[in-house]
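Only one structure is covered here, and it is reproduced in the block below.
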Number of protein chains: 2
Amino acid sequence: MTAVEALQPPRAYSQLKPWLQDHYRSLPKRLQNVAVFALHNPEVIALNTVAVISAQAQVTPSTMVRFAKSIGYEGFTDMQSVFQESMRHVPQPYSQRLTELAPPSESEETVLHQFSQAARASITRLEEQADGHAIRAASSQIAAARTIYLAGQGRAEPVVTYLHYTFVKLGMQTVVLDGMASAMADKTRMIQPDELLLAISFSPYTANTRELVDICLKAGVKVVALTDSTLSPIAQVDDLHLEVLEQEVSGFRGLSATMCLALCLAVEAGKRRAENQ
Amino acid sequence: MTAVEALQPPRAYSQLKPWLQDHYRSLPKRLQNVAVFALHNPEVIALNTVAVISAQAQVTPSTMVRFAKSIGYEGFTDMQSVFQESMRHVPQPYSQRLTELAPPSESEETVLHQFSQAARASITRLEEQADGHAIRAASSQIAAARTIYLAGQGRAEPVVTYLHYTFVKLGMQTVVLDGMASAMADKTRMIQPDELLLAISFSPYTANTRELVDICLKAGVKVVALTDSTLSPIAQVDDLHLEVLEQEVSGFRGLSATMCLALCLAVEAGKRRAENQ
DNA sequence: TTTTTTTTGAAATAAATATTCCAAAATTGA
DNA sequence: TCAATTTTGGAATATTTATTTCAAAAAAAA
């Protein structure tokens, strides 16, 4: 038994999520990967064998079992039952009827179809799960800031670019933090308390963006974070964070839902700023 | 093997239902019971073991296995996979109850709702109208190119950033054309015939990207264009162009459908390149 | 009713799956 | 840097789960 012990683990999937967020930090690296995977792919856990799941999660079966135990379950089987429970009694989806009837003819069209499906599902989920309070609070903060600083790398960079474009169009002063890590940190240290950092970060998380967030928090600068999971290191801080999770297709994650949220946030902030003037 | 034999059974749950209805009468009594049970409790079949299921269905495990075989499957496991398939990719209901406790109504949620609607509609339209031939041809060209050059400004820039990220991840050499207009033109003139320009441009069209396309066409360099309308100046040329139109909400256009198409194109190209090697 | 065929359930077997154990690797602390 | 501790992957094991077999029961045919 490794980390968390004698703690009885959540028996309901809905409790598992916040529970994992709390204990995430105390897990070893590989087990953290598994935690992220589990929250991103609950249906995979529910429907497959350890061998299949651990292959998808890029770990060994032992690690999968160890993960289940380390968060307090008797074993993998025990944990799996919780994930299965979350799938029971789901209203039979009508959407997939159409999908399955669609002729599996041309592979190209099917690829587009798959990505479209995933994008739409992600947007729907965003809509259902989005925290209205958080969006409201975030856009207020952004509206109040004298200057908005944007940070994000890798898959988050297109979001930064888009937000920059949109904010500028809305007449809001915006600076993109880019370049070398050290230069970014230096620029970040210059941010004033009446300004704001909008940080975007997705799994696999880079340490860099987290560092910028830390600098700002220490300096008393407001931070708004946009991530794909509350397990993200930049969501740990108890500041404002918004969550958007893209459904994955054969290992690729799109940006459709993220872009939707980004636009929403920018427009909302623009509206508030206009009202305040 | 009892009743129905040598008939290949449905691989999709949606087809299994009518299929069972047809063959129901020719099954022995106990197996009919199982058939009824299966149609009424698909999620039980998907998530449990033969022992548990057969107990619920009030038959013995053997009968369960026999049922699967009698309708043509290799065994219970084989049949179960079809039921499981029907549960995959269901929009995860997650902890929606908890989320929904967040106070509704407020205009922010409506804004997100509007943008979500627009994004979904755009994606659906993309899916319906997309030209399969064009996508296929474009991805082939991209796959064949030694180096991919990306051009796009303003609202198209996030797409460029995303494609750059994705292509690099797929191991394809990619260069982003940015900087001053004159410098971009100079760089463009250096592109070789076995390379390719992927130009992205949306309304309101900037003259700049059009210029780069012209330079390439004159030099015999392949061009793939991604635009929001055939009215776009870069679609005028009779080269390959893909169209994606984002629905507008109070003057703002998102990028959800565009990102979806971009990812599709990149993945498709990556797949083709892998095949050619 | 008797005989033949089909259907069924319980136990035996085969297959797969999860779990444990241990040595190697990585990480942490001094 | 080196020692102590933790973490990890792979192989061995134990357990569960599916499948097959076979004799008894039920149904159908004579």
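Just so it is clear, the structure is predicted and the values come from calculations on it, not from any experiment. Chain identifiers are assigned alphabetically (A, B, ...) following the order of the sequence lines, protein sequences preceding nucleic acid strands; residue numbering begins at 1 within each chain.
- For Ser62(B) and dA10(C), the shortest distance from a side-chain N or O to OP1 or OP2 is not below 4.0 Å.
- Distance from the side chain of Val50(A) is smallest to dT17(C) among dC21(C), dG9(C), dT17(C).
- Distance CG (Asp78(A)) to C1' (dT15(D)): 15 Å, rounded to an integer number of Å.
- Nucleotide dA30(D) is matched to dT1(C) when pairs are restricted to Watson-Crick or G-U wobble geometry with both distances under 3.5 angstrom.
- If you measure from atom CG of Asn33(B) to atom P of dT7(C), you get 14 Å, rounded to the nearest angstrom.
- Among dT8(C), dA18(D), dT8(D), the nucleotide with an atom closest to any side-chain atom of Pro28(B) is dT8(C).
- For a distance-only test at 3.5 Å, the side chain of Thr63(A) fails to qualify as a donor-acceptor partner of the base of dG9(D).
- OP1 or OP2 of dA27(D) has at least one side-chain nitrogen or oxygen of Lys29(B) nearer than 4.0 Å.
- A salt bridge links Arg210(A) with Asp214(A); the closest basic N to acidic carboxylate O contact falls under 4.0 Å.
- Closest of all the heavy-atom pairs between Glu246(A) and Ser256(A) is OE2-N, 3.3 Å.
- The interatomic distance linking Met64(A) (CE) with dT17(C) (P) rounds to 16 Å, in whole Å.
- The local environment of CD in Gln58(B) is sparse, with at most 12 non-hydrogen atoms from other residues, nucleotides or ligands closer than 6.0 Å.
- The side chain of Arg30(B) contributes an N or O atom lying less than 4.0 Å from OP1 or OP2 of dG9(C).
- Remark: C1' of dT8(D) and CG of Leu27(A) are 14 Å apart, rounded to the nearest angstrom.
- The distance between atom CD1 of Ile53(A) and atom P of dT19(C), rounded to the nearest whole Å, is 11 Å.
- Taking CD of Gln153(A) as the reference point, atom CG of Leu212(A) lies at 7.5 Å (rounded to 0.5 Å).
- Remark: P of dG10(D) and CZ of Arg66(A) are 11 Å apart, rounded to the nearest angstrom.
- Nucleic acid contact for Thr60(A): base, since at least one base atom lies under 4.0 Å from a heavy atom of the residue.
- Taking the charged nitrogens against the carboxylate oxygens, Glu127(B) and Arg120(A) do have a contact shorter than 4.0 Å, which makes a salt bridge.
- Regarding contacts with the backbone of dT16(D), every side-chain N or O of Thr49(B) stays at 4.0 angstrom or more from both OP1 and OP2.
- Across the protein-nucleic acid pair, Gln80(A) atom CD and dA16(C) atom C1' stand 14 Å apart, rounded to whole Å.
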